[in-house]
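Here is the structure we will look at, set down as structure tokens.
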2 protein chains.
Amino acid sequence: MNEDQNLRGKTEREIRQKLLQAIFELRMPPGARLTESVLADAFDVSRTVIRLVIARMTQDGVLVKRPNGATCVASPTRSEISQILRVRRMVEPEIAGDLARSYKKLSFAPIVEHLRKEELARTSGSYGDLVRLTGEFHLHLAELSGNRFLFNLIYQLQALVCLGVVMYTNTEIACPEDEHRQIADSIMSGDDESAAELMVHHLDHVEENILSSSKQHIHFNETLKWLSGE
Amino acid sequence: MNEDQNLRGKTEREIRQKLLQAIFELRMPPGARLTESVLADAFDVSRTVIRLVIARMTQDGVLVKRPNGATCVASPTRSEISQILRVRRMVEPEIAGDLARSYKKLSFAPIVEHLRKEELARTSGSYGDLVRLTGEFHLHLAELSGNRFLFNLIYQLQALVCLGVVMYTNTEIACPEDEHRQIADSIMSGDDESAAELMVHHLDHVEENILSSSKQHIHFNETLKWLSGE
DNA sequence: ACATCCAAAATTGGATGCAATTAATAGTAC
DNA sequence: GTACTATTAATTGCATCCAATTTTGGATGT
């Protein structure tokens with residue numbers, strides 16, 4: 001596979017985007033070690049900008065820094081995913097309820113457009129896109145709330161949940177049916193209680209899928225040494 | 001006072017800590033422009049590490065990057081502080097309630113120790129310390145929850161609220177009386193409903209203080225000059 | 001006196017080079 | 001054949017250097 005055409009991007013933001021996409025598509029799976037040099041080569045920039053990318057994505061939690069300085073793709077445990085979803089259950093049902101309460105003032109065009117794309121990815125079976133899109137649904141809602149701190153929060157947490165999904169769930173089971181559409185319908189019809197409740201159940205389902213699944217994520221040789229030695 | 005002794009620190013984490021403290025003490029007030037060079041000089045490191053510090057604190061929201069690339073200390077509007085406190089009201093009452101429900105399994109020694117320090121700073125009138133400490137109280141609670149994502153969330157939001165406090169409130173009014181102690185008492189006695197309710201009221205009071213105050217923040221764009229002369 | 005435009009200084013963004021730390025490998029002894 | 005060690009390769013972290021952009025200051029003309 002030729003990564004040159006696909007990966008090269010100049011600005012720091014583009015590089016982060018592409019790298020995240022590569023991670024969701026499992027071209028750089030959880031636990032994989034990333035060296036600054038190979039990233040600098042892959043994106044055709046100097047190590048300096050790669051260091052900034054790594055610093056940012058480390059703070060986002062998508063990458064982790066080992067005690068010796070090596071950076072790896074994060075491989076969150078099931079327990080950590082639970083912690084994340086616990087936070088999301090604190091805020092997202094309330095977001096959904098609030099949106100439903102002010103549904104008259106909001107423009108839902110981006111949402112319905114998104115649901116269309118999601119459905120398309122689901123039927124066409126492009127898994128990497130589907131994982132990314134199902135995460136982006138929640139981002140759209142956070143954005144609609146008009147609270148940029150909520151958006152940032154959901155952005156960070158959602159990325160790690162996506163990682164958990166690709167690690168622990170078996171392909172299509174990941175994103176249950178059309179729960180997103182039901183939530184959107186409740187919001188757009190102004191039914192705040194239903195919207196909040198559906199959101200709780202949705203997040204519960206995501207957690208169930210991850211916790212109940214027996215799928216074991218495979219770590220690479222290099223990272224295995226780390227885990228056993230430390 | 002000689003800032004050399006005070007500011008110089010080698011590791012990136014130390015530098016961030018010192019810079020944050022300097023901001024809370026208004027030596028680098030909201031709106032002040034920070035150039036990489038003067039920071040590099042002040043901390044006696046190269047611009048490279050300063051750039052990492054800036055990148056991280058920018059992501060935390062404590063610093064902001066203007067369209068032209070200049071970095072300034074964030075000067076959040078009252079509206080933004082409201083947004084932040086809205087997020088905190090979504091999670092912190094629930095945290096307090098959860099802690100109260102499992103109060104038997106928790107060790108509250110750090111909390112009581114913290115309350116002591118807070119009281120000390122309040123009576124001794126060291127304002128910079130007080131602002132920092134009142135923020136750290138909430139961090140202690142988040143830490144007790146054992147959920148590192150909650151901790152990160154509160155960490156980011158709390159820093160910006162501290163900025164809002166120093167910008168918009170008149171000194172001592174900032175951190176109402178002994179609300180922290182009341183919250184801690186409820187938690188340590190296992191009264192979850194009271195703990196959650198007190199937390200809501202506490203956050204409401206903080207917001208009221210900021211919104212009702214008529215204090216106008218003055219943007220310093222050339223403060224660094226007389227700061228060096230001090 | 002005021003506005004405009006051009007030159008010079010400053011500042012950010014990026015690349016390269018160097019030292020220190022860490023991982024890998026080969027070689028040797030048992 | 002295995003374990004241990006020493007040498008070598010590789011990677012991170014930091015500092016300096018170069019280019020590109022922005023800001024400042026002043027000169028000029030109206």
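The sequence lines fix the lettering, A, B, ..., with proteins before strands; numbering per chain opens at 1. The figures here come from the full heavy-atom set of this structure, side chains too, leaving out hydrogens, waters and symmetry mates. All values derive from a computational prediction rather than experimental measurement.
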Let me know the distance between CG of Leu34(A) and P of dT11(D), rounded to the nearest Å.
-> 12 Å
SB check Asp204(A) Arg89(A) (cutoff 4.0 Å) | yes
Rounded to the nearest Å, what distance is computed from the CG atom of residue Leu39(B) to the C1' atom of nucleotide dA10(C)?
-> 15 Å
How long is the gap from CG on Leu203(B) to CD on Glu207(B), to the nearest 0.5 Å?
-> 9.0 Å
For nucleotides 13-17 of chain D, tabulate all protein N/O to nucleotide N/O atom pairs closer than 3.5 Å, reporting atom names and distance.
unit_1	atom_1	unit_2	atom_2	d
dG13(D)	N7	Arg47(A)	NH2	2.8
dG13(D)	O6	Arg47(A)	NH1	3.4
dA15(D)	OP2	Ser46(B)	N	3.0
dA15(D)	OP2	Ser46(B)	OG	3.0
dA15(D)	N7	Thr48(B)	OG1	2.8

What pairs with Phe149(B) under side-chain contact (heavy atoms from CB on, under 4.5 Å), at least two apart in sequence or on another chain?
-> Glu80(A), Gln83(A), Ile84(A), Val87(A), Leu157(A), Leu160(A), Asn147(B)
Between Thr134(A) and Glu118(A): side-chain donor-acceptor atoms closer than 3.5 Å | no
Decide whether His180(B) and His114(B) meet the rule of one side-chain donor and one side-chain acceptor closer than 3.5 Å.
-> no
Atom CG of Asp41(A) and atom P of dA15(C): how far apart are they, to the nearest Å?
-> 12 Å
Here the distance between atom P of dG14(C) and atom CD1 of Ile50(B), to the nearest Å, is 18 Å
Can a donor-acceptor pair be found between the side chains of His140(A) and Glu136(A) at a distance below 3.5 Å?
-> no
